[in-house]
There are 2 protein chains.
Amino acid sequence: MASSDPGQRDGTIGIKEVALAAGVSPGTVSNVLNRPERVAAGTRARVMQVISELGFVRNGSASSLRAGQGKLVGLMVHDLANPFFTSLAAGVEDLMSERGYAVIVCSSATSVEREDRNVRMLAEQGVRGVLVTPVQDGRDRLKLLHERGIGTVMLDHAATRAQQCSVSVDDIAGGHTAVAHLLEQGARDIAYVSGPLTIRQCADRRAGALKAVRQVPGAALREVEASDLTPRSGQEAAEHLLAELPDAIFCANDLLAMGVLRALLQQGVRVPERVLLMGYDDIEFTTASAVQLTSIRQPTYQLGRIAAELLLEECDNPADHAHQEILFQPELVIRESTTR
Amino acid sequence: MASSDPGQRDGTIGIKEVALAAGVSPGTVSNVLNRPERVAAGTRARVMQVISELGFVRNGSASSLRAGQGKLVGLMVHDLANPFFTSLAAGVEDLMSERGYAVIVCSSATSVEREDRNVRMLAEQGVRGVLVTPVQDGRDRLKLLHERGIGTVMLDHAATRAQQCSVSVDDIAGGHTAVAHLLEQGARDIAYVSGPLTIRQCADRRAGALKAVRQVPGAALREVEASDLTPRSGQEAAEHLLAELPDAIFCANDLLAMGVLRALLQQGVRVPERVLLMGYDDIEFTTASAVQLTSIRQPTYQLGRIAAELLLEECDNPADHAHQEILFQPELVIRESTTR
DNA sequence: GCAGGTAAGTAAAACGTGTCAATCCGTTAT
DNA sequence: ATAACGGATTGACACGTTTTACTTACCTGC
């Protein structure tokens, strides 16, 4: 008798066991799960009841094998410890979670080998699409994905192929806004503390800054190029400015600005009384700085959400999906470091 | 003629197409992929050659359906925007990537509903194991995972069931080390600016601090409890201390310390000359603060790596796996905020 | 009362891989 | 020379779900 107990043999509960217990066929259970509108209300309720009683959990592997696509997407960023990317990742994760998707997060660590490995891994997992901040331009490392019909959305990077969405922030406008603000405050001798100009963001912000300066007669932009975007480099860069202080300093990033601020305060230079100071990114942690930092806020979290939404739209409707390049406008956040 | 072209019908290349092209059976191709040692060197080379020529990518869904387990693990944290968790996530991701695993990252946003949803989702995806910082104690929300034989490792939290690994940092020792350092510097009237004491970490650090104070005659600990662990709360908390300044202030976290520092400097209180100040966590971004902050460093990245390693060990060898509770010792990092 | 239509549910065939018993073939021991 | 052996390979089935074509029952309009 006990040996003929059905559905409890090995403890694993599948669609079949549910069907048996609910007195329907497996196909109907599948319909309840995937197209509930096609099954009568009564049956649907009974099946759902059994599902929760038995603690049935759908097998995602079987599901995506048969259906040809699952509920997974990939997210590949440069660095999981960088606040910019994590805020972005938070946006992506929130939206995907709302939509019932799981996110495989991976880091390329700005290494092309690792990027390739990740791309392969994502392809194997059969992800529905991938959000990516590519390591570098050049030959198309995402080819493998495109061949397999896996959609990609570029994050904080212009699209590299015609048929592709991208989401980024207008760094030229950001640089312009920043310097225009400094000019408005009366500054004329302005310094730009940049990161490496090979980084697109740094170069674009510089371009915007130059544009703003040219619009005001008598204004000039000095430049110092730091070797990376850290507080330490900012501090070193500031030393080049101590001999002849400018009216205002615009930094390519908040971390640089923190370093500059530290160098200035150590030398007894008062901010903002003697020098105005601006950062970029408006990272959360600068609120703790000795002088509250004026900055350019980028909607990183929103960036992630929008990009995620675009990706899903493309996945759900690959036929008539219009690829778009979304360009966010950054926002000026004024605090005490530029307020006399 | 063209109609009999095998293996190119629908453009999708599977194990069968590879087998055909290499002149072996699908079973052999599978063996090359999973147990290369069982197939002769010559055959193996030929198969691998064909695999790369045809651009074969294994179907992970089919693989894990048949094998009963895949190359996926889950990571669930409270908040993807918190540097503590992201540093930890970076450690997990690095190790998993080295071992060929993909990581599904999700955030519980300290909501039990979302935690439950994530648990279910991870179970559906058939993850091999899960690394988790649980939202709260009480009834076992991870039951679903354990029923299905999915291993879990607790992150920064003691194990809640006997058969479970956990990785955390000794917060009592950390609190003790911090305050012992302040005492050594000559402070006797010490204030502890805490977060909510319902948070285990805050309570443990307090316990350690008290222990240190009791060991030195004449020393005393005042306490202020902030409502959360942000710079803003730190600033508010500091105002309770301005009337009668202590010799030193120990904060439950660097963000609080940043707020306290700001409040002190605004009032013209010099750090460290008048008051010593200590934080906790040693987050990267405090290096940018006006006064470099002494702190207690937690090996967050290593924490992630070790936890990941434990999880894989448990997965690969569930039989004779000895569950362990690993307790890291935090490290004192002395900077100018406690150096006269 | 009957043809035609629709809604609800069923049965069975896939999806692409892993596994295991079975087979093949060349080598060694008797 | 034959039997026993062992390594290399094969063939076919199973994993749990989705999906398609099909059946059944019921309703509508003439």
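Each chain gets a letter, A, B and so on, in the order its sequence line appears, and its residues count up from 1. Small disclaimer: the values here were computed from a predicted structure and weren't measured.
Within the 4.5 Å cutoff, the side chain of Leu72(B) has no heavy atoms near those of the Tyr101(B) side chain. Contact of the Gln302(A) side chain with the Ile306(A) side chain is registered, since non-hydrogen atoms from C-beta on lie closer than 4.5 Å. Residues Leu327(A) and Val169(A) form no side-chain contact, since every pair of their non-hydrogen atoms from C-beta on lies 4.5 Å or further apart.
One can place CD of Glu37(A) at 10 Å from P of dA8(C), the figure rounded to the nearest angstrom. Look at CG on Leu65(B): it is 14 Å from P on dA14(D), rounded to the nearest Å. Rounded to whole angstrom, the span from the CG atom of Asn31(A) across to the P atom of dA8(C) amounts to 11 Å. Arg38(A) has its CZ atom 11 Å from the P atom of dA7(C), to the nearest Å. One can place CD of Gln69(B) at 13 Å from C1' of dT19(C), the figure rounded to the nearest angstrom. Atom-to-atom, CD1 of Ile13(B) to P of dC15(C) comes out at 16 Å; the value is rounded to the nearest Å. Taking atom CG of Leu33(B) as the reference point, atom C1' of dT17(C) lies 10 Å away to the nearest angstrom. One interatomic measurement links the two molecules: CZ of Arg44(A) to P of dA7(C), which rounds to 14 Å at whole-angstrom precision.
As judged by a 4.0 angstrom heavy-atom cut-off over every strand, Gly27(A) is placed among the base-contacting residues. Within 4.0 Å of Val29(A), counting heavy atoms only, lies no atom of the nucleic acid at all.
Looking at the side chain of Thr28(B), the nearest of the listed nucleotides dT9(D), dG16(C), dT19(C) is dT9(D). Checked against dT19(C), dG9(C), dT17(D), the side chain of Val39(A) finds its nearest nucleotide in dG9(C). When each of dG16(C), dG18(C), dT18(D) is scored by its nearest atom to the side-chain atoms of Asn34(B), the top-ranked nucleotide is dG18(C). Here dT10(D) is the nucleotide among dT18(D), dC15(C), dT10(D) with the atom lying nearest to any side-chain atom of Ser25(B). Closest to the side chain of Arg35(A), from the set dT20(D), dT17(D), dG16(C), is dT20(D). Side chain of Ile15(B), nearest nucleotide from dG16(D), dT17(C), dT20(D): dT17(C).
If you check the side chains of Asn34(B) and Arg58(B), you find a donor sitting under 3.5 Å from an acceptor. For the residue pair Thr152(B) / Gln164(B), a side-chain donor-acceptor distance below 3.5 Å is found, with atom types taken as modelled.
The side chain of Asn59(A) contributes no N or O atom lying less than 4.0 Å from OP1 or OP2 of dT17(D). In terms of phosphate contacts, Ser63(B) brings no side-chain nitrogen or oxygen within less than 4.0 Å of OP1 or OP2 of dT17(C). Regarding contacts with the backbone of dT9(D), a side-chain N or O of Thr43(B) is found under 4.0 angstrom from either OP1 or OP2.
Side-chain N/O atoms of Arg66(B) and base N/O atoms of dT17(C) include no donor-acceptor pair closer than 3.5 Å.
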